[in-house]
Amino acid sequence: MTVEETIREQRRAKLAEIAGLGYALYPHRYDYSHELAALAAAYGGRTAEELEAERTPVRVCGRLVALRAHGKAGFAHLAQQGARLQIYVRQDAVPARDFALWKLLDLGDFIGVAGYLFRTRTGELTVHAETLEFLAKDLRPLPEKWHGLQDVERRYRQRYLDLLVNPGAREVFLRRARLIEALRAAFLARGYIEVETPMMQTLAGGAAARPFTTHHHALDLPLYLRIAPELFLKRLVVGGLERVFEINRNFRNEGISTQHNPEFTMLEFYEAYSDYRVLMDWSERLLAEAAEQVTGARAVAYGGETIDFGRCRRLGLRAAVREFWPGEAGPAPSEEELRDPRAEARLAARYNRVAREAPESRYPPVEIPPVAEPGVILTALFEAIAEPELRQPTIIHDFPLAVSPLAKAKPDEPDWVERFEIYAAGMEIANGYSELNDPEEQRRRFALQLERREGGDAEAHAMDEDYVRALEYGMPPTAGEGIGIDRLAMLLTDSASIRDVILFPLLRPREADVGAGNSEPDDRSAPAASR
RNA sequence: GAGGCGGUAGCUCAAUCGGUAGAGCAUUGCCCUUUUAAGGCAAGGGUUCUGGGUUCGAGUCCCAGCCGCCUCACCA
């Protein structure tokens with residue numbers, strides 16, 4: 001028998017003994033007078049003398065997270081909602097039955113304690129127990145008490161343990177919750193309404209990505225998990241919901257990395273009668289305020305850097321290529337060169353010669369297709385050269401039309417669109433544009449995508465006839481944007497991996513864990529769905 | 001998908017050049033009525049990720065596999 005099995009047997013035996021004392025093993029409730037945090041807030045300032053004079057009666061409950069028995073007495077700490085409180089149990093102050101229970105308690109068990117407040121010799125606010133209730137048993141040993149749970153894999157697979165023993169993990173997810181709360185409040189204050197659009201779609205549109213496929217039995221209908229809510233949200237703008245936002249999951253059937261999880265949370269929003277300039281201004285304020293509300297400051301520490309959301313630089317895409325052009329690849333291209341679509345392949349070739357020689361792949365080579373629409377190669381150059389260098393919050397604006405099938409063209413430059421992306425710490429965290437609302441033009445753009453799709457590009461957009469029809473009913477000038485919540489959460493929690501800000505990131509299931517947690521097989525999901 | 005690194009007791013970690021797998025916490029027993037990493041005495045606990053191979057001898061070296069992490073590719 002392993003140590004763990006031994007402990008489980010021992011604790012089951014203790015559970016039987018607890019039953020023998022007459023306690024319910026899984027009672028239904030405990031009526032407490034204070035949550036632990038509230039109790040500390042209310043009485044944390046009282047002196048020992050005041051507490052002694054008041055003898056304030058309290059009823060508290062929580063999980064035992066520290067246990068120091070001293071024979072005929074003992075101390076323990078209860079934990080509840082992240083707060084801790086010490087209790088003091090002595091044989092001559094509690095009923096004999098409760099003291100027998102005390103002797104049978106293990107770390108991890110849940111109990112309720114009624115007693116009065118006092119301060120110990122060392123000054124700690126403590127409940128002097130007068131009665132104990134048994135609430136629930138922990139049959140398995142908790143991870144070690146001061147190193148916590150270090151194994152990264154187990155932290156992800158058994159997040160409950162991570163949350164239980166690593167205070168930092170709890171803080172990350174509290175911050176994530178505060179971030180979403182702050183963003184939601186900001187949109188509601190701006191007159192937006194929150195909506196939910198289909199996660200299962202018959203056609204996965206709104207982004208360039210490979211979708212997951214699924215199937216509806218009753219309708220015998222193949223379905224895709226959405227890669228973006230964009231086309232549905234804009235249908236709502238057509239329908240007169242002129243300021244809408246959605247915070248929800250997108251699913252993209254692509255690689256996993258420190259910045260990519262197959263399901264991720266996106267805040268996407270659209271407002272009528274605005275353009276991308278309005279959204280650039282608004283996004284800047286939104287990010288600064290969110291950073292401040294979540295972390296207390298606009299400048300946040302991230303991986304040894306300080307990312308200051310209080311200042312957001314703006315840079316054209318072409319200007320960014322010029323600014324970060326590697327010196328080894330010769331002089332940076334001129335503005336005119338960058339405006340010339342025919343020069344793109346030549347510039348990329350010049351860059352690639354350096355990229356291939358650069359140490360440690362600092363500069364990844366870019367692909368140069370034999371025929372490319374204007375701006376495609378330039379965008380690839382931008383991503384290779386500039387993106388990793390954009391450490392401070394930066395708005396990159398104006399993108400090639402060829403990589404933006406849903407964005408409105410710039411009036412003075414038909415091959416370019418009114419689009420921007422926001423970068424911080426080398427990551428793309430937002431993408432917005434003036435929405436294309438000309439149905440004929442949209443149909444042409446879809447047709448171009450269709451050609452690419454037929455040419456083997458699995459990520460090219462499909463034709464969405466209903467979306468074009470919606471546009472034909474008329475969509476006001478509109479601007480829209482998506483903000484990657486997970487990546488923003490990474491920045492605001494100083495997390496190096498997206499998995500650290502997603503409670504249950506996707507991992508390959510292990511045989512021992514099949515049927516548990518997020519690796520649950522399909523056939524077991526049916527009863528849950530019918531609840 | 002490719003490359004690099006890792007997997008030792010329930011947890012956190014050791015183990016020299018290939019030579020008897022250890023420690024702390026946790027667990028069990030005894031003592032202990034103001035401790036807080038409580039303390040003292042004693043005890044139990046190992047498929048060294050899995051399967052092969054080399055060797056007198058493998059946690060250590062070699063091969064294959066599994067899982068994870070990092071980098072790259074794809075992407076947001």
Taken in chain and number order and not counting sequence neighbours, the residues that satisfy side-chain contact (heavy atoms from CB on, under 4.5 Å) with Ala345(A) are Ile368(A), Ile377(A)
Mind listing the side-chain donor-acceptor pairs of residues 98-115 of chain A below 3.5 Å, one per line with the distance, residues two or more places apart or on another chain?
residue   : atom : partner   : partner atom : Å
Asp98(A)  : OD1  : Tyr23(A)  : OH           : 2.4
Asp98(A)  : OD2  : Leu132(A) : N            : 2.8
Lys103(A) : NZ   : Gly71(A)  : O            : 3.3
Asp106(A) : OD1  : Lys14(A)  : NZ           : 2.7
Asp106(A) : OD2  : Lys14(A)  : NZ           : 3.2
Asp106(A) : OD2  : Lys137(A) : NZ           : 2.8
Asp109(A) : OD1  : Asp138(A) : N            : 2.9
Asp109(A) : OD2  : Asp106(A) : N            : 2.8
Asp109(A) : OD2  : Lys137(A) : NZ           : 2.6

Residues that Glu421(A) engages under side-chain contact (heavy atoms from CB on, under 4.5 Å), provided they are two or more places apart: Phe399(A), Arg419(A), Tyr423(A), Glu428(A), Asn431(A)
Contact under 4.0 Å: Arg508(A) side-chain N or O vs rG68(B) OP1/OP2: yes
Hits for ring-ring contact (aromatic ring centres under 6.0 Å, His included) against Phe446(A), two or more places apart or cross-chain, chain-then-number order -> His461(A)
Who is the Watson-Crick or G-U wobble partner of rA2(B), with both distances under 3.5 Å? rU71(B)
So if I take residues 381-393 of chain A and measure heavy-atom distances to RNA chain B, which residues fall below 4.0 Å? none
List in chain and number order the residues that pass side-chain contact (heavy atoms from CB on, under 4.5 Å) with Ala460(A), two or more places apart in sequence or in another chain; answer none if no residue qualifies. Gln449(A), Arg452(A), Arg453(A), Asp457(A)
Applying side-chain contact (heavy atoms from CB on, under 4.5 Å), name anything that partners Gln80(A), two or more places apart in sequence or on another chain. Tyr32(A), Glu35(A), Leu36(A), Cys61(A)
Does the protein touch nucleotides 4-9 of chain B at the base, only the backbone, or not at all? Give it as B, S and - per nucleotide, heavy atoms under 4.0 Å. ------
Contact list please: residues 484-500 of chain A against RNA chain B, heavy atoms, distance less than 4.0 Å, in numerical order. Arg487(A), Ser497(A), Arg499(A)
Where along residues 49-57 of chain A does a heavy atom come under 4.0 Å from RNA chain B, residue by residue in number order? none
Hunt down the Watson-Crick or G-U wobble partner of rG18(B), both distances under 3.5 Å, from any strand shown, or write none. none
Return the nucleotide paired to rC41(B): Watson-Crick means purine N1 to pyrimidine N3 with N6-O4 or O6-N4, wobble means G-U with N1-O2 and O6-N3, both under 3.5 Å. rG29(B)
Does the side chain of Tyr270(A) pick up a donor-acceptor pair with the side chain of Glu268(A) at under 3.5 Å? yes
Only counting residues at least two apart or in another chain, list the ones meeting side chain to side chain donor-acceptor pair (under 3.5 Å) with Asp162(A). Arg155(A), Arg159(A), Asn166(A)
Any ring-ring contact (aromatic ring centres under 6.0 Å, His included) pairs touching residues 69-95 of chain A, not counting sequence neighbours? Phe75(A)-Tyr88(A), Tyr88(A)-Phe118(A), Tyr88(A)-His128(A)
